[in-house]
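In this chain, numbering begins with 1 at the start of the sequence shown. If you're wondering where the values come from, they're calculated on a predicted model, not measured in any experiment. No hydrogens, no waters, no symmetry mates; every other heavy atom, side chains included, goes into these values.
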Amino acid sequence: TSSCRNHHVYQQYVQMVDSQLSKFMADERLSQEAIFAAAQHEQAQAEGTSSLLCLDYIVACTEYEAFMELAYDHKCMQEASKQKGQWVPVDEPFDALTTIFHD
C-alpha cells in the first residue's frame with residue numbers, strides 16, 4: 001500500500017539524516033545538547049524566515065507526520081516549477097503521496 005511505501009521511504013530518510021548528522025557532530029565535536037541548543041536558538045531568532053528549512057529537515061526525522069508534510073511541500077514546489085513559479089496545491093490526497101518519492 002502507499003502508506004507502507006511512504007513509511008519505508010521515511011525510515012530510509014531517517015537513516016540518511018541520522019548518518020549525516022552523526023558524522024557532522026563527530027567531525028565538529030558537537031554534543032546532542034549543543035545541536036539542540038543551536039536549533040532552539042535558530043528557531044527563536046528566525047521565526048517566519050527561510051532559515052527554518054534546515055530545522056524542518058531535522059524535525060522530519062523525528063515525526064512521520066512532519067516528514068509527510070515536508071514531502072508534500074516538496075511535491076508542491078515541483079509542481080510550482082512546472083507552472084512557472086505559481087504555487088499550485090498538489091491534486092493528490094495528503095496521505096497518498098507515493099509519487100513524491102518516485103518523480
Side-chain angles (χ1 to χ4, degrees):
T1 66
S2 63
S3 177
C4 289
R5 283 185 291 225
N6 289 349
H7 195 266
H8 177 71
V9 172
Y10 167 69
Q11 290 172 324
Q12 290 176 318
Y13 177 81
V14 169
Q15 289 174 350
M16 177 193 68
V17 173
D18 182 55
S19 172
Q20 291 178 355
L21 189 57
S22 294
K23 182 179 179 337
F24 173 76
M25 289 171 58
D27 290 349
E28 300 297 321
R29 296 188 175 122
L30 295 170
S31 67
Q32 289 179 347
E33 292 79 13
I35 295 291
F36 182 72
Q40 281 187 315
H41 175 76
E42 282 304 310
Q43 186 175 23
Q45 299 298 314
E47 192 66 35
T49 69
S50 61
S51 61
L52 290 177
L53 187 56
C54 181
L55 295 178
D56 289 343
Y57 289 116
I58 294 171
V59 170
C61 287
T62 64
E63 301 170 2
Y64 179 71
E65 186 173 315
F67 170 76
M68 289 304 296
E69 289 173 9
L70 187 67
Y72 180 79
D73 289 347
H74 174 73
K75 184 67 173 178
C76 289
M77 287 187 286
Q78 284 181 328
E79 292 299 315
S81 69
K82 292 177 189 174
Q83 300 294 326
K84 299 180 183 171
Q86 298 296 318
W87 182 264
V88 180
V90 176
D91 292 332
E92 303 169 51
F94 180 76
D95 60 349
L97 292 174
T98 58
T99 58
I100 308 171
F101 310 115
H102 305 296
D103 287 352

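- Residue Y64 qualifies as enclosed at atom OH: its count of foreign heavy atoms under 6.0 Å is above 12.
- Between the Y10 side chain and the C61 main chain, a donor and an acceptor come within less than 3.5 Å of each other.
- Under the 4.5 Å side-chain contact rule for hydrophobic residues, M68 and V9 share a cluster.
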N/O donor to acceptor pairs below 3.5 angstrom from side-chain atoms of residues 17-25, sequence neighbours left out:
unit_1 : atom_1 : unit_2 : atom_2 : d
S22    : OG     : D18    : O      : 2.8
K23    : NZ     : D27    : OD2    : 2.6

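- What you find for F67 and A60 is that their closest heavy atoms are CB-O, 3.4 Å.
- Around atom NE2 of H7, more than 12 heavy atoms belonging to other residues, nucleotides or ligands sit under 6.0 Å away.
- When all heavy atoms of Y57 and L70 are compared, the pair lying nearest together is CD2-CD2, 3.4 Å.
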